[in-house]
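Below, each value reflects all heavy atoms present in this structure, side chains not excepted, and no hydrogens, waters or symmetry copies. Sequence lines set the chain letters: A, B, ... in the order given, protein chains first and strands last, and positions in each chain run from 1. None of these values were measured; they are calculated from a predicted model.
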Amino acid sequence: MSDTYGIAELAREFDVTTRTIRFYEDKGLLAPLRKGQRRVYASRDRVRLRLIMRGKRLGFSLDEIRQLIDLYDVDPSEVTQLRHFLDKIHEHKEILIGQQKDIAETLAEMERIEAQCSSLLSEKQKKRQTAN
DNA sequence: TTTCTTACA
DNA sequence: TGTAAGCA
């Protein structure tokens with residue numbers, strides 16, 4: 001099982017350009033192995049890229065995504081670090097909970113409008129039938 | 001052909 | 001991030 005990937009391969013899979021993947025590396029979000037000069041991505045890198053894309057969809061900055069991803073593969077040996085990570089987690093959780101609330105409210109709003117439109121439409125249909 | 005770095009938009 | 005130049 002060749003659990004390694006080339007940059008073009010990952011770019012295709014995640015629908016981004018190779019430039020974008022290198023860009024994320026520059027920003028410290030990715031750290032692929034090197035085979036000479038070529039970048040060799042392991043499955044962990046692929047997982048990371050997946051997390052990056054998800055973070056982007058959630059509206060996090062690359063900097064925030066990096067902090068979030070770092071939480072995954074750092075060994076929790078230092079108490080100080082642990083407290084720091086805990087703070088980061090709380091921070092992100094608050095943002096996500098806030099977004100969750102926004103989504104719920106927007107959804108409720110849309111459903112209200114949807115119901116309003118539906119009843120309006122059925123009303124017009126009734127009038128049409130009455131007229132005919 | 002593909003990837004890489006660097007630099008500029 | 002896109003694009004381009006010059007390499008390997």
Side-chain angles (χ1 to χ4, degrees):
Chain A
M1 298 183 194
S2 58
D3 51 352
T4 62
Y5 312 81
I7 191 170
E9 203 173 346
L10 286 185
R12 270 196 302 277
E13 183 176 346
F14 291 96
D15 194 35
V16 295
T17 64
T18 56
R19 174 71 178 88
T20 298
I21 294 179
R22 295 192 192 98
F23 181 72
Y24 293 159
E25 182 180 339
D26 277 339
K27 296 301 178 185
L29 282 77
L30 249 29
L33 261 39
R34 293 280 186 154
K35 187 177 184 179
Q37 261 216 334
R38 311 294 195 189
R39 273 168 256 250
V40 177
Y41 299 85
S43 50
R44 326 184 187 109
D45 298 309
R46 207 181 109 172
V47 170
R48 274 187 164 238
L49 191 49
R50 183 167 280 125
L51 291 175
I52 293 171
M53 300 313 283
R54 179 187 295 160
K56 282 189 60 185
R57 286 197 297 275
L58 290 173
F60 288 121
S61 68
L62 291 183
D63 206 83
E64 293 171 321
I65 293 174
R66 176 163 44 70
Q67 296 180 56
L68 205 49
I69 289 180
D70 285 343
L71 302 182
Y72 288 81
D73 49 20
V74 170
D75 73 303
S77 53
E78 301 286 339
V79 177
T80 312
Q81 296 290 295
L82 233 43
R83 291 212 173 98
H84 174 64
F85 293 153
L86 220 44
D87 285 342
K88 285 300 174 188
I89 290 176
H90 291 329
E91 196 177 305
H92 282 287
K93 276 183 69 179
E94 281 190 36
I95 294 173
L96 289 175
I97 290 173
Q99 293 187 322
Q100 197 168 51
K101 184 181 174 188
D102 281 338
I103 291 174
E105 290 176 353
T106 302
L107 235 37
E109 185 74 2
M110 291 180 88
E111 279 164 15
R112 203 197 93 237
I113 295 174
E114 181 180 31
Q116 195 177 319
C117 288
S118 293
S119 65
L120 216 56
L121 187 61
S122 58
E123 251 182 61
K124 294 198 174 192
Q125 291 179 326
K126 280 184 183 176
K127 286 184 180 178
R128 191 190 305 162
Q129 292 182 338
T130 305
N132 289 346

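When the side chain to side chain contact (heavy atoms under 4.5 Å, CB included) test is applied to Gln37(A), no partner is found at least two apart in sequence or on another chain. With sequence neighbours excluded, the residues forming a side chain to side chain contact (heavy atoms under 4.5 Å, CB included) with Arg22(A) are Ile7(A), Thr18(A), Arg39(A), listed by chain and number. Looking at residues two or more places apart in sequence or on another chain, you find a side chain to side chain contact (heavy atoms under 4.5 Å, CB included) between Lys88(A) and Gln67(A), Leu71(A), His84(A), Glu91(A).
The side-chain hydrogen bond (donor to acceptor under 3.5 Å, both in side chains) with Tyr5(A) is formed by just one residue from the set Glu13(A), Arg46(A), Arg12(A); it is Arg46(A).
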Look for any protein N or O under 3.5 Å of an N or O in nucleotides 4-6 of chain C and output each such pair with its distance, or none.
none

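The CD1-C1' distance, from Ile21(A) to dT3(B), rounds to 12 Å in whole Å. In this structure, the CG atom of Leu10(A) is 14 Å from the C1' atom of dT3(B), given to the nearest Å.
The phosphate of dG2(C) has OP1 or OP2 within less than 4.0 Å of a side-chain N or O from Thr17(A). Phosphate contact (OP1/OP2 of dG2(C), side-chain N/O of Thr20(A), threshold under 4.0 Å): present.
Counted within 6.0 Å of CG on Asp15(A), heavy atoms from surrounding residues, nucleotides or ligands total 12 or fewer; the atom is thus considered open. The number of heavy-atom neighbours closer than 6.0 Å to CZ of Arg34(A), taken from other residues, nucleotides and ligands shown, is above 12.
Side chain of Gln99(A) to main chain of Leu58(A): a donor-acceptor pair is present (N/O by atom type, distance under 3.5 Å, no hydrogens or angles). Remark: side-chain polar atoms of Glu9(A) are paired, donor with acceptor, to backbone N or O of Gly6(A) under 3.5 angstrom. Looking at Glu64(A), its side chain does come within 3.5 Å of a backbone N or O of Ser61(A) through a donor-acceptor pair.
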| Per-nucleotide pairing state of DNA chain C [Watson-Crick or G-U, under 3.5 Å; [ ] pseudoknot-crossing; | other strand] | ||||||.|
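Looking at residues 28-45 of chain A, you'll see Arg34(A), Gln37(A), Arg38(A), Arg39(A) sit with a heavy atom under 4.0 Å from some atom of DNA chain B.
Under 3.5 Å, the side chains of Thr17(A) and Thr20(A) contain a donor-acceptor pair of N or O atoms.
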